[in-house]
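Notes follow once the structure below has been shown.
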Amino acid sequence: MIGRSKKSVQTTLQFVFFLLVTLVFLVYISYFIISESHKIKTQAFESVTRDTQTASAFMDEEIKSVNTVMQNVAYSNLVKEHFLIYMNKPVSSGDGNYSEMQNIKVLTDLLTAIMGPSHPVDQIYLYSLEGGCVGVGLDNSNTADHVSDKPWYAELQSSEDNRLIFCDRDERLAKFFTYEDGSRFLTVASVYLSTYYKPQGVIEVKHSISSLISKLKKIDTGVYHEKIYIYDQTGNSIYSFTDDNMAELYAASVMGTDQTVFDESRHISYDKNTHLFVNTSSYSGFTTVIAIDNSDLYRPIYDYIKANLLIFAGFLVLILLLSYVVSRIITIPVMKMYSGISSLHTDEESMLTGSLEKIDTNIIELDTLYSAVMDMHDRAKASMNREIVLNNQRLQSQILALQSQMNPHFLYNSLATISAMADEGMNDEVTKMCQTISRILRYISSDKDPLVPVSEDVSHAKDYLECMKMRYEDDLIYHINIPEEMKDIRIPKLCLQLIVENSIKYATKNVRAPWIISIDGRMTGIYWEITVKDNGPGFLEDDLKEINDKIAYINQTDLLPGLEINGMGLMNIYIRFKTLYHGKHIFRVSNYAEGGALVTIGGELDLAADAQETAGTEG
């Protein structure tokens with residue numbers, strides 16, 4: 001149909017498999033959410049209920065520990081005996097006799113012994129109804145405090161079992177703790193009866209809630225991120241979740257019920273996003289509340305769904321792989337043809353030398369089509385090979401012509417130098433220079449290879465410099481520094497002599513002697529380069545611009561200019577480097593900051609071998 005996109009067989013099969021598996025998984029996950037969510041919610045409720053009972057048990061354990069110490073004091077006959085003596089004169093004001101002071105010491109020692117070395121409580125206060133208080137623990141004191149001044153005394157008198165359990169902050173003991181929770185204490189206060197069961201005082205035993213908090217915090221890091229709250233009989237908060245302002249709101253919801261159920265956990269829906277689990281202790285009357293959010297309650301369901309999604313992703317990959325195998329079986333004849341044809345287009349060499357492998361698709365139409373493609377490829381390969389041969393012949397002719405243009409250029413300059421030396425009567429120098437020129441001409445006239453080792457071209461440049469030094473004597477100074485490992489690298493013939501000749505030509509015309517020529521080589525693990533530097537006036541800005549414009553033109557058009565180049569020189573070298581190194585070379589022309597011209601040639605190390613191979617092929 002018009003406008004309808006075409007799809008391959010493989011794409012169609014993969015789409016069908018994907019759609020089928022997705023539908024199956026959606027059915028499965030929907031069933032899981034409906035059937036398993038209630039079960040997971042029940043398990044979560046049971047887990048949080050156990051945590052509520054555990055927190056309540058921790059609270060009762062702390063209170064029972066305090067109550068045990070209180071009972072040990074209440075039932076100690078020795079304490080009763082010495083407390084009776086203390087009641088007669090409770091406060092040692094400095095005028096008491098030795099026996100009274102000794103009695104107080106014995107009484108405090110008895111209370112200390114009851115507390116024991118493990119210190120299950122932090123403080124014991126023993127009050128006389130007539131006034132006076134003995135303290136043992138954190139606060140070892142003997143004061144005139146009256147128990148009736150305590151804010152909890154009236155509530156203790158009205159209690160049915162003469163016992164009161166509460167939690168408060170005690171300023172007398174707060175100074176012994178550096179943190180807030182340490183100054184709040186679980187307290188058990190009880191009427192102290194004499195041997196004849198008559199009230200004679202009050203026992204107050206205290207223990208910091210810090211140990212209780214450390215136990216509760218272990219529960220607080222549970223899977224469901226429970227928030228624990230503990231309230232006393234009147235709904236006052238004893239412990240609440242850190243940085244939480246919901247304690248009073250939860251207390252109003254929990255403590256507002258008319259009937260209290262002891263030692264049995266209850267579930268209260270505070271709002272649509274919060275669940276409260278409540279347990280009230282029959283021993284202490286304290287209420288433990290754990291609050292959890294819906295998001296935490298259903299977190300196991302979400303985690304299970306995520307795990308199933310990962311399993312589904314793996315299963316989907318398996319199905320896609322299976323669909324790929326099936327589609328390959330169906331489309332293998334076409335894929336064979338495609339693989340055979342595409343393998344010839346990876347690079348130029350495979351297109352020129354490779355050939356299509358004959359295959360049998362077992363389908364008449366495809367066999368006929370593939371045979372036609374093979375014939376077309378063979379004709380195209382023959383045509384491209386003919387074109388390459390013609391291009392190689394043209395490039396070889398260009399390189400030989402460029403090289404031959406330098407021979408008369410150098411010979412003309414050399415003969416002019418010999419003529420000048422002969423006029424000055426420098427016969428020995430003329431003889432030596434003729435021998436040197438003989439070597440130079442023999443080197444120039446050899447056309448067997450457009451590339452030579454660096455060592456040969458450096459030797460030729462040195463011969464040329466020696467000729468010039470015979471002419472200019474000490475006015476010409478040259479330095480050659482080529483690393484040994486560079487001497488086998490092959491470069492275009494005569495390039496160094498041409499650069500040196502150009503340096504001497506302009507340096508001697510515009511700068512006073514001495515004239516200094518330096519040839520320096522450098523090689524890294526990736527490339528090599530040779531720099532020729534002089535102390536002449538350097539390149540004019542117009543000359544630099546002209547050279548760079550010509551180089552840019554060659555690089556942009558990928559066309560070599562004609563052989564009629566004004567003055568040959570540097571452009572001759574650049575054209576030969578570009579031709580033999582396939583454009584991947586180093587060629588820089590610039591001025592030295594302290595004066596003089598810089599010409600740098602070079603290339604990548606692996607390309608030097610390629611250039612040699614290209615030159616050998618073209619030769």
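Owing to the predicted nature of the structure, the values given are computational and were not obtained by experimental measurement. Values below: all heavy atoms of this structure, side chains included; hydrogens, waters and symmetry mates excluded.
With respect to Lys175 and Asp139, no salt bridge is recorded, no charged nitrogen being found less than 4.0 Å from a carboxylate O. Salt bridge Asp170/Lys206: present, at least one basic N to carboxylate O contact under 4.0 Å. At a threshold of 4.0 Å, the pair Arg169-Glu171 counts as salt-bridged, since one of the basic side-chain nitrogens sits closer than that to a carboxylate oxygen.
If you check the side chains of Thr187 and Glu204, you find no donor sitting under 3.5 Å from an acceptor. Between the side chains of Ser265 and Thr49, no donor-acceptor pair of N or O atoms lies under 3.5 Å. Side chain to side chain, Thr274 and Asp271 meet the donor-acceptor criterion of an N or O pair below 3.5 Å. For Thr280 and Thr287, the side-chain atoms include at least one donor-acceptor pair closer than 3.5 Å.
Arg184 has its side chain out of reach of Phe177: every pair of non-hydrogen atoms, C-beta onward, lies at least 4.5 Å apart. Using a 4.5 Å heavy-atom cutoff, the side chains of Ile238 and Tyr231 are not in contact. For the pair Ser269/His275, a side-chain contact is recorded, criterion being any heavy-atom separation below 4.5 Å from C-beta on. Considering only heavy atoms from C-beta on, Pro453 stays 4.5 Å or farther from Ile489 through its side chain. Looking only at side-chain heavy atoms (C-beta outward), Met115 and Val121 come within less than 4.5 Å of each other. You'll find the side chain of Ser56 stays beyond 4.5 Å of the side chain of Gln53, heavy atoms only. Counting only heavy atoms from C-beta outward, the side chains of Leu605 and Met523 approach each other to under 4.5 Å. Two residues are said to be in side-chain contact when any heavy atoms from C-beta on lie closer than 4.5 Å; Val69 and Ile124 meet this criterion.
Few gaps surround CG on Leu310; more than 12 heavy atoms of other groups in view lie less than 6.0 Å from it. Within 6.0 Å of CD in Glu485 there are more than 12 heavy atoms belonging to other residues, nucleotides or ligands.
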Test side-chain contact (heavy atoms from CB on, under 4.5 Å) applied to Ile268 and Val278, step by step: CA-CA 8 Å; Ile268 300 174; Val278 184; 3.9 Å; yes
Check step by step if side-chain contact (heavy atoms from CB on, under 4.5 Å) holds for Arg522 and Thr524. CA-CA 7 Å; Arg522 186 169 72 95; Thr524 68; 3.9 Å; yes
Could you go through the side-chain contact (heavy atoms from CB on, under 4.5 Å) check for Phe58 and Ile228 one step at a time? CA-CA 12 Å; Phe58 285 159; Ile228 301 178; over 6 Å; no
Test log, rule side-chain hydrogen bond (donor to acceptor under 3.5 Å, both in side chains), inputs Thr288 and Asn279: CA-CA 5 Å; Thr288 301; Asn279 187 290; 5.8 Å; no
Applying side-chain contact (heavy atoms from CB on, under 4.5 Å) to Lys64 and Tyr283, what does each step give before you reach the verdict? CA-CA 9 Å; Lys64 286 179 182 178; Tyr283 178 78; 3.4 Å; yes
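Taking the six-membered ring for Trp, Phe166 and Phe185 have ring centres at least 6.0 Å apart. Between Phe587 and Tyr574, the gap from one ring centroid to the other is short of 6.0 Å.
Under the side-chain contact (heavy atoms from CB on, under 4.5 Å) test applied with Lys227, the options Asp293, Ile292, Leu276, Val289 reduce to a single match, Asp293. Shown are Tyr239, Tyr270, Tyr250; of these, the ring-ring contact (aromatic ring centres under 6.0 Å, His included) with Tyr229 is made only by Tyr250. Considering Ile209, Ile63, Ile230, Asn236 in turn, Ile209 is the only one that fulfils the side-chain contact (heavy atoms from CB on, under 4.5 Å) rule with Cys167.
Taking all atoms of both residues into account, the shortest heavy-atom contact from Leu164 to Trp152 is CD2-O, 3.6 Å. Contact record, Ser65 with Pro120: OG-CB, 3.5 Å, taken as the closest heavy-atom pair. Of all non-hydrogen atoms in Glu529 and Tyr527, the two that sit nearest each other are OE1-CE1, 3.9 Å.
Taking the six-membered ring for Trp and thresholds of 30 and 60 degrees, Phe45 and Phe277 have ring planes more than 60 degrees apart, a perpendicular arrangement.
For the atom pair CD1 of Ile165 and CG of Leu186, the computed distance is 9.0 Å after rounding to the nearest 0.5 Å. The structure places NZ of Lys487 at 8.0 Å from CD1 of Ile482, a figure rounded to the nearest 0.5 Å. Residue Ser190 holds its OG atom at 8.0 Å from CZ of Arg163, rounded to the nearest 0.5 Å. Note that the OG atom of Ser208 and the CD atom of Glu62 stand 9.0 Å from one another [nearest 0.5 Å]. The line from CD1 of Ile530 to CD1 of Ile601 is 5.0 Å long, rounded to the nearest 0.5 Å. Note that CG of Asp168 and NZ of Lys150 are 9.5 Å apart. Values are rounded to the nearest 0.5 Å.
Looking at Gln123, its side chain does come within 3.5 Å of a backbone N or O of Val136 through a donor-acceptor pair. Side-chain atoms of Ser284 never come within 3.5 Å of backbone atoms of Ser281 as a donor-acceptor pair (strictly under, hydrogens ignored).
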